[in-house]
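All remarks here apply to the structure that follows.
All figures in this text were calculated on a predicted structure; none of them were measured in a lab.
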Amino acid sequence: EAATGVKYSARDSPQVPAVVRNPADERSVSLSESTVPSMLRSLLIVAILIPGVVAAVRSRFAALLLYIWFALFRPQEWLWVDTTSLRLSLMIGILFVVPCLVTGVFPTLSHPISVGALLLLGAGLLSQVYSVQPDLSWPWVDFFARLILVCLLLVTLTNTRHRFLIVMAVTALSFAFHAAKAGLASFVGGGVRFGDGISGAYIDNNGYALATVMVIPLVIATAQNVDR
């Protein structure tokens, strides 16, 4: 046994050895199998982030597109490497908002969409006064206020039909990637069901399904207008 590395059990015939696998070999195999997909995912995200950041520094509209992609695609959850400590979403948000305000690109307040969003934020602040547990709801009010700020800047920057089409395409395809991937996995797996989403606002299967349904008209509209 010691010479061959083969272990015999009491129930086994001496002529039929039970081979014991080396745990180190199993770890090396599992590591190599998981490293390649992880590396490919990381390379894809880096290939989008680096040119995106360079473009965002030069163009406020490019910074808006990068922010939309990051918010909807959520690469920090898609990657197999923990990047939450980098706070990339906050950094991209600062890269977008601060240069806008410095260069004179201010939120549009007179547009009907802007008025409706501000009224909704006001209703949220009013309800916060009478909240049963304000400490639980303040983070969501803060989240909603940041979202509205980005949306108001979006109204300012999306001032042409061409830009509107680009924003619609980035919005649709950023999430449609996950929807198409899940649909393919369900089809290949013979009707696989998903109990969780991609985190964030789509962390459960209900939010994931709702976002999938909402993005379908945007994908169709993008396909219909991409050549015009």
Side-chain angles (χ1 to χ4, degrees), residues 31 34-103 105-107 117 121 136-158 163-164 166-182 185 194 196-205 207-208 210-212 214-215 218-219 222:
L31 181 62
S34 62
T35 300
V36 174
S38 177
M39 181 180 64
L40 292 178
R41 290 192 178 198
S42 301
L43 289 176
L44 176 61
I45 297 304
V46 169
I48 297 175
L49 271 179
I50 293 180
V53 170
V54 173
V57 173
R58 304 178 60 183
S59 169
R60 305 286 73 79
F61 184 69
L64 171 65
L65 297 179
L66 180 64
Y67 186 86
I68 293 174
W69 168 78
F70 196 93
L72 294 178
F73 189 87
R74 301 192 65 83
Q76 67 272 33
E77 273 83 29
W78 191 64
L79 286 172
W80 290 353
V81 179
D82 185 14
T83 61
T84 54
S85 60
L86 301 177
R87 306 194 69 178
L88 293 176
S89 179
L90 177 62
M91 300 303 296
I92 295 175
I94 294 175
L95 180 62
F96 169 54
V97 174
V98 174
C100 280
L101 300 180
V102 171
T103 57
V105 180
F106 299 110
L121 177 60
L136 295 180
S137 52
W138 267 123
W140 292 104
V141 173
D142 174 68
F143 170 82
F144 189 56
R146 297 184 190 186
L147 176 62
I148 288 181
L149 174 60
V150 173
C151 291
L152 298 185
L153 289 171
L154 183 149
V155 174
T156 303
L157 292 170
T158 311
R163 285 192 170 188
F164 178 79
I166 295 177
V167 169
M168 183 172 61
V170 172
T171 302
L173 298 180
S174 295
F175 191 86
F177 172 86
H178 297 291
K181 178 172 169 285
F194 294 87
D196 295 322
I198 60 172
S199 187
Y202 322 108
I203 193 169
D204 63 345
N205 56 349
Y208 194 30
L210 177 62
T212 300
M214 292 174 62
V215 82
L218 298 181
V219 174
T222 300

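No donor-acceptor pair closer than 3.5 Å links the side chain of R87 to the backbone N or O of T83. Using a distance-only test at 3.5 Å, with no hydrogens or angles considered, no donor-acceptor pair links the side chain of S59 to the main chain of A55.
Two residues are said to be in side-chain contact when any heavy atoms from C-beta on lie closer than 4.5 Å; I92 and L49 meet this criterion. Side-chain contact between R60 and T103 is present, with heavy atoms from C-beta onward closer than 4.5 Å. Side chains of L44 and W78 form a contact here, defined as non-hydrogen atoms less than 4.5 Å apart.
Between the CD1 atom of I45 and the CD atom of Q76 there is a distance of 9.5 Å, given to the nearest 0.5 Å. Once rounded to the nearest 0.5 Å, the distance linking CE of M168 with OG1 of T158 reads 11.5 Å. One finds the SG atom of C100 at 12.0 Å from the CG atom of L152 (value rounded to the nearest 0.5 Å). One finds the CG atom of L121 at 11.5 Å from the SG atom of C151 (value rounded to the nearest 0.5 Å). The CG atom of L90 sits 11.0 Å away from atom CG of L95, with the distance rounded to the nearest 0.5 Å. Here S174 contributes atom OG and R74 contributes atom CZ; the two are 12.5 Å apart, rounded to the nearest 0.5 Å.
Sorted by first then second residue, the salt bridge (charged side-chain N to carboxylate O under 4.0 Å, His left out) pairs that include residues 138-153, not counting sequence neighbours, are D142-R146.
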Side-chain donor-acceptor distances from residues 62-73 under 3.5 Å, at least two apart:
none

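In terms of heavy atoms, A179 sits closest to T212 at CB-CG2, 3.7 Å. Across all non-hydrogen atoms, the minimal contact from P107 to T156 is C-OG1, 3.6 Å. Of all heavy-atom pairs between I148 and A117, the closest is CD1-O, 3.2 Å.
A cation-pi contact links R163 to F61, judged by a cut-off of 6.0 Å to the six-membered ring centre and 45° from its axis.
With sequence neighbours left out, the salt bridge (charged side-chain N to carboxylate O under 4.0 Å, His left out) criterion links R41 to no other residue.
Shown are L149, L154, L157, V105; of these, the side chain to side chain contact (heavy atoms under 4.5 Å, CB included) with F96 is made only by L157.
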